[in-house]
Amino acid sequence: MTKFLLAVHVIAAIVAIGPVTVAASMFPPAARRALAAPDDVRAAGTVRLLHRICQVYAAVGIAVPVFGFLTASAMGVLGDAWLIVSIALTVVAAIVLVVLVLPGQEVLVEGVPDADARTDTGTGTGTGTESTSGGTSTGTRTATREATVRLAMFTGIFNLLWATVTVLMIVRPGSTTGA
């Protein structure tokens, strides 16, 4: 049963976390292109697609810690330091994703002009109003190049946390169950 749980845990990590890390990494440059070319419908569509991928696979990603806990319990390693650190880093990564990355993407998605909001001549300005900083304002948040840079930083932190968790899961420092 342990091997089955471990296999499901690893497959869930690959299938769920992989797409989030890739799509989230592709999002900031795609958003910069869409903001720089407000008439480019494909660029806007790419931004929306990448955000949707992040949302869906983040939800699917809940399976990773669920099967991780089941696997750790079956292996009898729930109290091991490497696993506790991995759990803590996973929680931090989830917080970064839910509190910083996804909302940051949402601001930029809202700031990218929507093809449906354009006038008949194709000169519409999008879903928000122009701000003084050169981006599109959505309430109190603004879709600007600076917002894409900030999002890229948060995405990098998220990816680094997951890479660290992956290394800890493989190396398992101090583990007596073998590596």
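Just so it is clear, the values below take in all heavy atoms, side chains as well, and ignore hydrogens, waters and symmetry mates.
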- Note on the structure: With sequence neighbours left out, the residues meeting side chain to side chain contact (heavy atoms under 4.5 Å, CB included) with A24 are C54, V101, Q105, T155

- Message: To the nearest 0.5 Å, what is the distance between CD on E106 and CD on E110?
- Response: 4.5 Å

- Transitively linked via ILVMFWY side-chain contacts under 4.5 Å: M153 with F158? yes

- Message: Restricting to non-hydrogen atoms, name the atom on V64 and the atom on A16 that form the minimum distance, rounded to 0.1 Å.
- Response: CG2-CB, 4.5 Å

- Let me see the working for I84 and D80 under side-chain contact (heavy atoms from CB on, under 4.5 Å), right down to the final yes or no. CA-CA 6 Å; I84 293 168; D80 287 8; over 6 Å; no

- With sequence neighbours left out, which residue pairs that include part of residues 156-170 fulfil the side chain to side chain donor-acceptor pair (under 3.5 Å) condition? S25-N159

- Set of residues satisfying side chain to side chain contact (heavy atoms under 4.5 Å, CB included) with respect to A63, sequence neighbours excluded: A12, F67

- Item | For G18 against T21, the heavy-atom pair lying closest together | O-OG1, 2.8 Å

- Message: So for atom CE, which belongs to M169, do other residues, nucleotides or ligands contribute more than 12 heavy atoms lying within a distance under 6.0 Å?
- Response: yes

- Message: I need the full list of side chain to side chain donor-acceptor pair (under 3.5 Å) pairs touching residues 59-68, with sequence neighbours left out, sorted by first then second residue.
- Response: none

- Those residues that, when tested against T148, pass side chain to side chain donor-acceptor pair (under 3.5 Å) (two or more places apart): R32

- Message: Quick check for you: to the nearest 0.5 Å, what is the distance between R33 atom CZ and D40 atom CG?
- Response: 9.0 Å

- Looking at A31 and L108, what are the two nearest heavy atoms and their distance? CB-CD1, 4.2 Å

- Item | Contacts of S73 that satisfy side chain to side chain contact (heavy atoms under 4.5 Å, CB included) - sequence neighbours left out | L78

- Please confirm whether the backbone N or O of V112 pairs with a side-chain atom of R48, one donor and one acceptor, at under 3.5 Å? yes

- Query: Does P65 have any side chain to side chain contact (heavy atoms under 4.5 Å, CB included) partners at least two apart in sequence or in another chain, and if so, which?
  - Reply: none

- Query: Which pair of non-hydrogen atoms, one from H51 and one from L102, has the smallest distance, and what is that distance?
  - Reply: CE1-O, 3.6 Å

- Is it the case that one hydrophobic cluster holds both V8 and L83, taking links as side-chain heavy atoms less than 4.5 Å apart, direct or via other members? no

- Query: Do Y57 and M26 share a hydrophobic cluster, counting only Ile, Leu, Val, Met, Phe, Trp and Tyr and linking them when any side-chain heavy atoms are less than 4.5 Å apart?
  - Reply: yes

- Query: Closest heavy-atom contact between V20 and A58?
  - Reply: CG2-N, 3.6 Å

- Task: Flag yes if V165 and V85 sit in one hydrophobic cluster, no otherwise; membership is Ile, Leu, Val, Met, Phe, Trp, Tyr, and two members link when side-chain heavy atoms are under 4.5 Å apart.
- Result: yes

- Message: Which heavy atom of A30 sits nearest to which heavy atom of L50, and what is that distance?
- Response: CB-CD1, 3.8 Å

- Query: Where do L70 and F4 land on the side-chain contact (heavy atoms from CB on, under 4.5 Å) test, with the steps shown first?
  - Reply: CA-CA 10 Å; L70 293 172; F4 171 76; over 6 Å; no

- Message: Just to verify, what does H9 make a side chain to side chain donor-acceptor pair (under 3.5 Å) with, not counting sequence neighbours?
- Response: none

- Query: Hey, what else clusters with V10 if you join Ile, Leu, Val, Met, Phe, Trp, Tyr whenever side-chain heavy atoms sit under 4.5 Å?
  - Reply: L6, I14

- Are I17 and F69 connected, step by step, through hydrophobic side chains (Ile, Leu, Val, Met, Phe, Trp, Tyr) whose heavy atoms are closer than 4.5 Å? yes

Listed pairs under 3.5 Å, donor-acceptor, residues 86-100 side chains, sequence neighbours left out:
{"unit_1": "S86", "atom_1": "OG", "unit_2": "W82", "atom_2": "O", "d": "2.8"}
{"unit_1": "T90", "atom_1": "OG1", "unit_2": "S86", "atom_2": "O", "d": "2.8"}

